[in-house]
Every structure is written in C-alpha cells, then in structure tokens.
Amino acid sequence: MEKRVRKWIVRAAVAFSGFLGAGAAGAELVNFETDPLGILPVGWMSRDTSAVLFSASPGGDLQVMPEVGSNEFLGTQGLAVFGNFGVSLIMDFNTPAQSLQFAFGNDDFSSTAAGDQAVLTAFLDNVMVASATVELNRNDLMDQTIAIAGTRFDRAVFYYTADRFLA
C-alpha cells in the first residue's frame with residue numbers, strides 16, 4: 001500500500017487514572033513499553049493493565065509502534081491507529097472509570113488544518129456522559145493532553161476532526 005495512504009491517525013501513550021475496580025481505586029499508567037510491536041486485534045489489552053481493552057473503529061488498524069527518532073512518543077513505543085478519516089481509538093473499561101487522561105500527537109501541520117481538534121467522548125451504558133476537545137497545535141509531537149474527569153464511564157472514544165489523512 002502506498003506510504004501516503006498508511007497515515008497515522010492517532011499515536012497515544014495513554015495514562016489512565018481513577019479505575020473503580022474490585023479493590024482500591026487508583027491511578028494506572030499505560031505506556032506500552034513492555035507490549036509487543038505490531039498489529040493488534042480488536043479488544044487488545046496492554047500488559048500494563050487489565051482494566052481496559054483497546055480497539056480501532058471499523059476501517060482502522062491498531063498497532064504498537066516503535067519510536068523512530070521523530071519524538072512523537074513519550075518513550076520508546078506508543079499506540080497508533082492507522083486508517084483514514086473517521087477512524088477512532090476505542091477504550092472499553094472492565095469496570096467504570098472516573099477519569100482518563102492521555103498524551104497525544106502526530107498532528108502534522110501538512111495533514112491538518114487550523115481549527116482541527118482532538119475529541120474525547122465518554123459513555124456509560126452506551127449513553128454519552130462527557131466529552132472534551134483540544135485544538136491541535138499541529139507540530140507533530142506528542143506534547144498535548146486531553147482528559148475527562150468527574151463522571152463514571154465504561155467506554156471512551158478518541159479521534160481527530162481533521163478532514164483528511166493525518167501524517
């Protein structure tokens with residue numbers, strides 16, 4: 001497949017906090033550093049936590065990717081969603097969470113437009129309970145964060161509003 005067609009929509013090193021599991025609630029950091037590289041199945045679980053399952057929406061591919069010297073990850077690996085416009089990162093929580101915060105990037109200047117946003121939406125029993133938006137700074141680095149807090153949710157969806165492929 002032509003390289004321009006295989007553009008990353010989301011690279012996210014994800015930090016989760018406030019899980020309401022059986023036992024003490026607390027923060028969990030997911031940084032994908034110990035996970036194997038490659039394409040991942042729908043409902044994939046990082047070695048860092050059993051509290052959340054990751055998927056790409058239909059038409060997308062979820063992958064753990066290595067840092068390739070572009071400073072787009074916070075460590076040596078990160079989570080990426082490949083696909084075209086409309087593909088999103090889906091996070092299904094085993095137990096309702098109360099907050100979610102993560103870093104995102106890969107918002108390349110040449111593949112986005114002024115005003116494009118990152119959108120995070122939270123759901124409880126398939127009903128939207130919260131959302132957050134952050135305008136993309138379009139610098140291609142993982143240096144922005146998005147968060148939802150103060151409500152219970154069991155699913156979160158993250159995507160960009162860019163009207164074309166992201167680089």
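Nothing here was measured: the structure is a model prediction, and the numbers come from that model. These numbers come from the heavy atoms of this one structure, side chains and all, not from hydrogens, waters or symmetry mates.
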Could you go through Glu28 and Thr49, starting from their C-alpha distance and side-chain angles, then the distance that decides it, and tell me whether this counts as side chain to side chain donor-acceptor pair (under 3.5 Å)? CA-CA 7 Å; Glu28 291 192 38; Thr49 183; 2.4 Å; yes

Test log, rule side-chain contact (heavy atoms from CB on, under 4.5 Å), inputs Asp116 and Glu135: CA-CA 6 Å; Asp116 283 342; Glu135 188 167 331; over 6 Å; no

side-chain contact (heavy atoms from CB on, under 4.5 Å) between Val81 and Tyr159, worked out: CA-CA 10 Å; Val81 177; Tyr159 62 94; over 6 Å; no

With side-chain contact (heavy atoms from CB on, under 4.5 Å) as the criterion, how do Arg152 and Val129 come out once you've worked through the C-alpha distance, each side chain's angles and the decisive distance to 0.1 Å? CA-CA 8 Å; Arg152 289 172 37 104; Val129 294; over 6 Å; no

Test log, rule side-chain contact (heavy atoms from CB on, under 4.5 Å), inputs Asn139 and Asp107: CA-CA 6 Å; Asn139 69 356; Asp107 50 349; 3.7 Å; yes

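Contact of the Leu37 side chain with the Met65 side chain is not registered, since no non-hydrogen atoms from C-beta on lie closer than 4.5 Å. Counting heavy atoms from C-beta on, the side chains of Phe158 and Val119 never come closer than 4.5 Å. In this structure the side chain of Tyr160 reaches within 4.5 angstrom of the side chain of Leu136, judged on heavy atoms. Side-chain contact between Phe153 and Leu100: present, with at least one pair of heavy atoms (C-beta onward) separated by less than 4.5 Å. Proximity of Val52 to Met45: side-chain heavy atoms (C-beta onward) are nowhere separated by under 4.5 Å.
The shortest heavy-atom contact between Pro36 and Val64 is O-CB, 3.5 Å. Considering all non-hydrogen atoms of both residues, Ser55 and Gly43 come closest at OG-N, 2.8 Å. Scanning all heavy atoms of the two residues, the minimum distance from Ala130 to Ile148 falls at CB-CG2, 3.7 Å. Annotation for Ala147 and Ala132: closest pair O-CB, 3.3 Å, computed over non-hydrogen atoms.
No option in Leu120, Val157, Leu79 other than Leu79 meets the side-chain contact (heavy atoms from CB on, under 4.5 Å) test with Leu89. Tested against Phe102, the residues Gln144, Met91, Met142 include a single side-chain contact (heavy atoms from CB on, under 4.5 Å) partner, Met91.
When atom types are taken as modelled, the side chain of Arg155 and the backbone of Phe123 share no donor-acceptor pair closer than 3.5 angstrom. A donor-acceptor pair under 3.5 Å is absent between the side-chain atoms of Asp92 and the main chain of Leu53, judged by distance alone. A donor-acceptor pair is defined here as one N or O able to donate and one able to accept, closer than 3.5 Å; no such pair exists between the side chain of Asp143 and the backbone of Gly105. At distances below 3.5 Å, at least one donor-acceptor pair connects side-chain atoms of Asp48 with backbone N or O atoms of Asn31.
Aromatic pair Phe32/Phe54: ring centres closer than 6.0 Å.
Defined by atom type and a distance below 3.5 Å, a donor-acceptor pair is missing between the side-chain atoms of Thr151 and Gln98. Between the side chains of Thr112 and Arg138, at least one donor-acceptor pair of N or O atoms lies under 3.5 Å.
Atom CD of Gln117 and atom CD1 of Ile146 lie 8.5 Å apart (nearest 0.5 Å). The CD atom of Gln63 lies 4.5 Å from the CD1 atom of Ile39; values are rounded to the nearest 0.5 Å.
In the hydrophobic cluster analysis, where Ile, Leu, Val, Met, Phe, Trp and Tyr join through side-chain heavy atoms closer than 4.5 angstrom, Leu124 is grouped together with Phe93.
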